[in-house]
Amino acid sequence: MATTVCTWNINSVRLREPIVLKLLQEQQPDVLCLQECKALVELIPTQNFADLGYKYMVARGQKGYNGVAILSRIPMTDAGHRQFVGKKDARHCAATLENGMTIHNFYVPAGGDIPDVEKNDKFDHKLKFLNEMRDWFHDDSPEKSVLVGDLNIAPREDDVWNHKQLLKIVSHTPIECEHLAQVQDSANWVDITRQDIPDGNLYSWWSYRARDWDAADKGRRLDHVWATPDISNAAHSSRVYRDARGWEKPSDHAPVFATFDL
DNA sequence: ATGTCAACGGCGCGTTGA
């Protein structure tokens, strides 16, 4: 059986309910992982998702900020969630599908503007969050697992529009990239998107502030799909669905897809 | 780099976070 997973930072699930429905209807992923729902779980508009067949949901929410949800048209069970850096914010949830595959959905802190832990608490928070992810997966040794989400880091030179210009910009600094590499190494996570699309610039986020995001194309690859080595060879057909960035009232992120033959 | 969104509190728009 093929299972298609999609991850999308939606930047308010209530405001963007219409384009979530459009994506589900048009692309029909089996599982859709959302970040930045910006709503309490009970305020997520689940009825119309269920009417399209997506009747299963595992979610974590809070008022106004963060929030993660996994929508599915195939049965799944809640696989728990973790708190990071001693905060009660909703940045992780997990679900296990009937085929035994566990999906971790993450929203890593953005980290503010100044890449200095002394001057910027948000940057300190981001690095601590990544350290806790690393330690958890090191101790837990996940199997048959997929990790998706907005990791708020574009690790490779070809994951940003200009490597040199972004070296001191939060999301592409060497210290963040090193922290993310340690998370990846902690369970030998395979970057499925780059396994499938190894060469060339690839982005999943374009700022709202650009005059013409499409023409300027000053993007970054902040959204990721990883898998544990035991299932990495079952993955294929990765893609960034760039069209969705140009839809009516868009998110600043595009959906990222991968399919697993499991 | 540039400079636009969205939620909130509470009903007009400044603040916070991205």
Side-chain angles (χ1 to χ4, degrees), chain A residues 7-20 33-45 59-69 84-85 87-92 105-117 119-130 148-177 179-180 201 203-224 242 244-256:
Chain A
T7 179
W8 197 10
N9 179 317
I10 197 61
N11 186 17
S12 173
V13 70
R14 285 176 290 174
L15 194 70
R16 289 188 228 291
E17 182 188 2
I19 62 170
V20 173
C33 298
L34 299 172
Q35 304 86 36
E36 281 205 89
C37 296
K38 295 188 175 178
L40 295 169
V41 172
E42 55 267 35
L43 295 179
I44 296 174
R60 297 265 302 140
Q62 66 184 92
K63 188 154 86 175
Y65 303 102
N66 308 316
V68 285
F84 293 85
V85 203
K87 294 180 188 285
K88 294 213 164 82
D89 51 3
R91 295 181 177 275
H92 169 254
N105 182 17
F106 275 96
Y107 177 52
V108 171
D113 291 329
I114 304 163
D116 182 335
V117 296
K119 295 175 185 159
N120 176 7
D121 287 343
K122 291 179 197 166
F123 196 71
D124 188 52
H125 178 214
K126 184 178 195 173
L127 297 188
K128 284 179 172 151
F129 192 102
L130 293 162
V148 306
D150 178 2
L151 306 184
N152 265 313
I153 296 171
R156 291 174 28 154
E157 292 191 17
D158 53 6
D159 290 338
V160 294
W161 65 277
N162 187 318
H163 167 63
K164 276 190 125 175
Q165 252 181 284
L166 287 164
L167 276 170
K168 292 180 176 172
I169 302 299
V170 172
S171 73
H172 192 60
T173 64
I175 183 83
E176 290 168 87
C177 295
H179 277 67
L180 189 68
N201 289 350
Y203 316 134
S204 65
W205 173 88
W206 295 262
S207 173
Y208 284 128
R209 298 177 198 182
R211 229 170 289 270
D212 184 341
W213 72 272
D214 196 25
D217 201 22
K218 293 183 173 180
R220 306 176 201 168
R221 190 172 70 100
L222 304 179
D223 303 277
H224 298 266
R242 186 176 170 127
R245 179 62 179 79
W247 286 351
E248 189 78 13
K249 291 277 276 173
S251 167
D252 44 357
H253 294 253
V256 180

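Because the structure is a prediction, the values reported are computed rather than measured. Sequence lines set the chain letters: A, B, ... in the order given, protein chains first and strands last, and positions in each chain run from 1.
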Query raised in the report: Which value, in whole Å, describes the distance between the P atoms of nucleotides B:dG10 and B:dT16?
Result: 15 Å
Query raised in the report: Rounded to the Å, how far apart are A:Gln35 CD and B:dA18 C1'?
Result: 14 Å
Query raised in the report: With sugar-phosphate meaning primed atoms plus P, OP1 and OP2, does A:Ala210 contact a base, only sugar-phosphate, or nothing at under 4.0 Å between heavy atoms?
Result: nothing
Requested in this report: Using the P atoms only, state how far B:dG17 lies from B:dG3, rounded to an integer number of Å.
Outcome: 23 Å
Report task. Please determine, for the side chain of A:Tyr65, which listed nucleotide (B:dG17, B:dA7, B:dA18) has the closest atom? Result -> B:dG17
Query raised in the report: How is A:Arg245 classified with respect to the nucleic acid when contacts are heavy atoms under 4.0 Å: base, sugar-phosphate, or nothing?
Result: nothing
Report summary line: Here the distance between atom C1' of B:dC5 and atom OH of A:Tyr208, to the nearest Å, is 6 Å
Report task. Write down the distance separating the C1' atoms in B:dA7 and B:dG12, rounded off to the nearest Å. Result -> 15 Å
**Report entry** Spacing of A:Trp161 atom CH2 relative to B:dT2 atom C1', expressed in whole Å
**Finding:** 9 Å
Query raised in the report: Is the base of B:dA18 touched by the side chain of A:Arg209 through a donor-acceptor pair closer than 3.5 angstrom?
Result: yes
Report task. Mind checking A:Leu15 for me? I need base, sugar-phosphate or nothing, with any heavy atom below 4.0 Å counting as a touch. Result -> sugar-phosphate
Query raised in the report: Rounding to a whole Å, what distance do you find between A:Ile10:CD1 and B:dG17:P?
Result: 22 Å
Query raised in the report: Considering only heavy atoms from C-beta outward, does the side chain of A:His125 approach that of A:Asp89 to under 4.5 Å?
Result: yes
**Report entry** Which residue lies more 5' along DNA chain B, comparing A:Pro250 with A:Ser207 via nearest heavy atoms
**Finding:** A:Ser207
Query raised in the report: How about A:Asp121: does its CG atom have over 12 heavy atoms from other parts shown lying under 6.0 Å from it?
Result: no
**Report entry** Toward the 5' end of DNA chain B, by each residue's nearest nucleotide, A:Asn66 or A:Lys63
**Finding:** A:Lys63
Query raised in the report: Atom CG of A:Asn11 and atom P of B:dT16: how far apart are they, to the nearest Å?
Result: 19 Å
Report task. Remember a base hit wins even if backbone is also touched, and classify A:Lys249 as base, sugar-phosphate or nothing at under 4.0 Å, heavy atoms. Result -> sugar-phosphate
Report task. For A:Ile114 and B:dG17, give me the distance from atom CD1 to atom C1', rounded to whole Å. Result -> 14 Å
**Report entry** Audit row: A:Phe129, A:Tyr107, ring pair (Phe, Tyr, Trp, His ring centres under 6.0 Å) steps and yes/no
**Finding:** CA-CA 10 Å; A:Phe129 192 102; A:Tyr107 177 52; 8.8 Å; no
Requested in this report: Establish, yes or no, whether the cationic atom of A:Arg245 lies under 6.0 Å from the six-membered ring centre of A:Trp213 and within 45° of the ring axis.
Outcome: yes
Requested in this report: Please say whether more than 12 non-hydrogen atoms of neighbouring residues, nucleotides or ligands are located less than 6.0 Å from CD in A:Glu42.
Outcome: yes
Requested in this report: Just compare B:dA18, B:dA6, B:dC8 and give me whichever is closest to any side-chain atom of A:Arg14.
Outcome: B:dC8
Query raised in the report: Can you check salt bridge (Lys or Arg N to Asp or Glu O under 4.0 Å) on A:Asp217 and A:Arg242, steps first, answer last?
Result: CA-CA 11 Å; A:Asp217 201 22; A:Arg242 186 176 170 127; 3.0 Å; yes
Query raised in the report: For B:dT4, does either OP1 or OP2 sit under 4.0 Å from a side-chain N or O belonging to A:Arg211?
Result: no
Report task. Please report, rounded to the nearest Å, how far the P atom of B:dA18 is from the CG atom of A:Leu151. Result -> 15 Å
Query - Interatomic distance, A:Leu40 CG vs B:dA7 C1' [rounded to whole Å] - result: 12 Å
Requested in this report: For B:dT2 versus B:dC8, give the span between their P atoms, rounded off to a whole number of Å.
Outcome: 31 Å
Query raised in the report: Does B:dA18 have OP1 or OP2 sitting under 4.0 Å from an N or O in the side chain of A:Arg91?
Result: yes
